[in-house]
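Below: one structure, written as structure tokens.
Here is the naming used below: chain letters follow the sequence lines, and residue numbers restart at 1 for every chain. Owing to the predicted nature of the structure, the values given are computational and were not obtained by experimental measurement.
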Amino acid sequence: MQRFVHALECAPVLAVTGYVAGTHYAIIITMLDPKLVRENPEKIKQELQKRNQEFDFGPFLEIEKQRLSLVRESDELRENRNKVSEEIAALKRRKQDASTLIEQMQGVATRIKELEERQKNTEQKAREFLLALPNIPHESTPVGKDETENVEVRKWGQPREFDFPALNHWDIAEVLGIIDFDRAAKIAGARFAVMRGAGARLERALMNFMLDLNTSKGYTEVFPPILVNAESMTGTGQLPKFEMELFKTADPLFYLIPTAEVPVTNLHRQEILEEEKLPIKYTAYTPCFRREAGSYGKDTRGLIRQHQFNKVEMVKFVKPEVSYNELEALTNDAEDILRKLELPYRVMALCTGDIGFSSAKTYDLEVWLPGQGKYREISSCSNFEDFQARRADIRFRRTGKKGTEYVHTLNGSGLAIGRTVVAILENYQQKDGTVTIPDALRPYFGADKIG
RNA sequence: GGAGGGGUGGCCGAGCGGUUUAAGGCGACGGUCUUGAAAACCGUUGACCGUUCACGCGGUCCGGGAGUUCGAAUCUCCCCCCCUCCGCCA
């Protein structure tokens with residue numbers, strides 16, 4: 001029941017296959033800081049144990065030792081080569097014989113090539129190891145083995161008391177004729193829906209409502225491509241591990257985004273941002289596409305788990321020292337949507353055993369669904385710290401300081417539209433089968449009820 | 001799909017095998033001059049890896065990859081991206 005927005009990050013850890021993006025520029029594909037891992041293996045190992053995952057750092061450290069000595073040796077040889085090449089150039093300019101030096105350098109060239117080959121080899125191995133390491137949980141992330149040990153942080157709103165049996169959203173929708181699952185199955189397949197009439201309008205009203213609310217808080221609206229290349233999927237961490245969760249096109253190859261996080265975070269891939277531009281805040285509406293492989297039998301009915309769904313996302317690029325304040329603010333912004341819609345919800349701090357691969361801390365927002373008598377995930381707000389930024393190479397420069405640092409990236413749904421439709425239908429259903437529309441949504445919806 | 005042009009430092013732009021350790025310009029920063037500013041003049045001006053307590057030193061980077069060579073921004077091959085025109089289509 002927990003997994004929705006971050007289903008991707010929570011898929012079982014697969015073997016890393018040494019994926020190499022078909023790329024026209026080099027991607028930095030480390031995740032945790034290699035130097036940090038090399039120098040504090042015991043500490044990292046302990047931190048990752050909180051996720052119930054064991055890693056053997058021995059082979060990695062051995063490889064790194066080899067790699068560094070190769071780097072040193074080939075750097076020295078190259079230094080020598082550069083110097084001698086200059087001498088050769090000088091001799092030739094004076095029309096003197098340089099054949100002895102040239103002969104010497106032939107051997108050096110061979111040796112350098114050999115070392116480069118071995119260096120590349122060790123780099124690849126080290127990289128594979130680092131790629132498989134998940135992010136280190138933040139100290140405030142509760143330690144726990146799985147979703148049963150997530151911690152409820154706060155609760156808002158009182159679930160409504162019904163004087164009639166509360167229906168599931170698909171039953172409500174059927175009576176109203178606003179969602180057509182059967183015809184969706186005909187034209188596409190299972191896990192698709194046709195929104196119709198007031199249903200389609202509700203979907204559209206929610207998008208606009210959420211985007212307007214987010215932009216009023218300083219988020220810049222973007223409408224990005226929903227097909228992206230392999231580099232972008234690698235930058236945010238969907239590739240190589242979670243390829244099975246993605247839809248893709250055949251020729252040419254593009255990936256359909258599973259969340260707006262992918263194109264929006266990648267907006268600044270391989271950029272160095274100026275300090276005064278931060279924080280950068282984006283909000284984006286996009287359709288999202290997920291294979292939902294491995295979730296057979298889960299939420300097969302209704303709108304909860306679809307191959308295609310709409311979502312409004314929020315993404316932030318911030319300075320490291322403020323990222324946890326920004327996470328609280330981001331979560332509050334997502335909560336604000338639920339409060340304005342007057343939908344009861346609770347906020348869960350995911351425990352170390354349940355947070356996503358790239359996340360250091362995650363809050364899930366769970367909305368009350370009377371039809372199921374349960375709270376269900378409707379938003380997931382995460383701080384990735386520098387984990388994604390390192391991978392996607394997004395840095396910033398402090399004004400007046402030399403050098404660069406990685407930004408911290410955060411994102412959260414605000415909100416998943418389909419699940420918001422579910423929540424409205426179930427929470428606002430009336431005895432006569434109609435559904436009233438929350439006050440805040442009426443200007444967007446253009447009516448005060450459905451039916 | 002067809003034809004052509006192009007990818008060089010924050011930006012513009014030269015370079016087409018060895019005084020390029022990437023010319024020159026713009027911008028930015030520091031200084032001189034000035035009551036202050038402008039102008040002028042002088043200087044500085046990236047990223048990454050390794051090494052060092054530090055100053056520094058070394059290496060790599062001219063779209064990406066492979067090759068030729070003692071030596072590649074410069075030559076060869078493959079790939080990617082951008083632009084222009086034609087065709088086709090929304």
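Atom P of nucleotide B/C49 and atom CG of A/D75 are separated by 13 Å, given to the nearest angstrom. Rounded to whole Å, the distance from CD on A/Q270 to P on B/C61 is 17 Å. Straight-line distance from the CZ atom of A/R72 to the C1' atom of B/U60: 17 Å, rounded to whole Å. One can place CG of A/L253 at 17 Å from P of B/C79, the figure rounded to the nearest angstrom. We find that CG of A/N229 is positioned 10 Å from P of B/C82, with the value rounded to whole Å. At whole-Å resolution of the value, CD in A/Q124 and P in B/G65 are 14 Å apart. Separating the CD atom of A/E86 from the C1' atom of B/U69 is a distance of 17 Å, rounded to the nearest angstrom. Atom CD in A/E274 sits roughly 18 Å away from atom P in B/G27 (whole-Å rounding).
Note on A/K83: every side-chain N or O is 4.0 Å or more away from OP1 and OP2 of B/G58. Contact check, A/T404 against B/C48: a side-chain N or O comes under 4.0 Å of OP1 or OP2. Under 4.0 angstrom from either OP1 or OP2 of B/A47 there lies at least one side-chain N or O belonging to A/R397. Residue A/R395 places at least one side-chain N or O under 4.0 Å from the OP1 or OP2 atom of B/C48.
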Step-by-step ring pair (Phe, Tyr, Trp, His ring centres under 6.0 Å) determination, A/H307 to A/F247: CA-CA 9 Å; A/H307 284 310; A/F247 284 107; 5.6 Å; yes
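Residue-level contact check: A/R38 touches the backbone only, with heavy atoms under 4.0 Å from sugar-phosphate atoms and none from bases. In this structure, A/L101 reaches neither bases nor backbone, as no heavy-atom distance under 4.0 Å exists between it and the strands shown.
A centroid separation of less than 6.0 Å is found between the aromatic rings of A/F129 and A/F57.
Spacing between B/C26 and B/C81 at atom P, rounded to whole Å, works out to 36 Å. Only the P atoms considered, B/C80 is 30 Å distant from B/G71, to the nearest whole Å. Between B/C85 and B/G30, the distance separating the two P atoms is 45 Å to the nearest Å. For the C1' atoms, the distance linking B/C89 with B/G15 amounts to 43 Å, nearest Å. Atom P of B/U52 sits at a distance of 30 Å from the matching atom of B/U44, rounded to the whole Å. Taking the C1' atom of each, B/G56 and B/C16 are spaced 36 Å apart, rounded to whole Å. Spacing of P atoms, B/A47 relative to B/C33, comes out at 32 Å, to the nearest Å. Here the separation of B/G9 from B/C61, taken at their P atoms, is 15 Å to the nearest Å.
The base-pairing partner of B/U21, taking Watson-Crick or G-U wobble contacts with both distances under 3.5 Å, does not exist among the strands shown. The partner of B/C85 is B/G2, by the rule that a Watson-Crick or G-U pair needs both atom distances under 3.5 Å. Base pairing annotation: B/C75 forms a Watson-Crick or G-U wobble pair with B/G67, both donor-acceptor distances under 3.5 Å. Base pairing annotation: B/G10 forms a Watson-Crick or G-U wobble pair with B/C26, both donor-acceptor distances under 3.5 Å. Across all strands shown, B/U60 forms a Watson-Crick or G-U wobble pair with B/A47, both key distances being under 3.5 Å.
Comparing B/C70, B/A66, B/A47 against the side chain of A/I272 picks out B/A47 as the nearest. Taking the side chain of A/E79 as heavy atoms from C-beta on, and the options B/G18, B/A66, B/G58, the nearest nucleotide is B/G58. Counting only heavy atoms from C-beta on, A/N82 has its side chain closest to B/G59 among B/G50, B/G59, B/G18. Distances were taken from every side-chain heavy atom of A/S85 (C-beta onward) to each of B/G50, B/G18, B/U60; the shortest belongs to B/G18.
Sequence order on RNA chain B of the closest nucleotides to A/V71 and A/A109 puts A/V71 first from the 5' end.
A donor-acceptor pair shorter than 3.5 Å cannot be found between the side chains of A/E385 and A/N135. A donor-acceptor contact closer than 3.5 angstrom links the side chains of A/Y363 and A/E328. For A/N82 and A/S85, the side-chain atoms include no donor-acceptor pair closer than 3.5 Å.
Remark: the backbone N or O of A/F384 is not paired with any side-chain donor or acceptor of A/S382 at under 3.5 angstrom.
Shown are A/R191, A/R305, A/R419; of these, the salt bridge (charged side-chain N to carboxylate O under 4.0 Å, His left out) with A/D299 is made only by A/R305.
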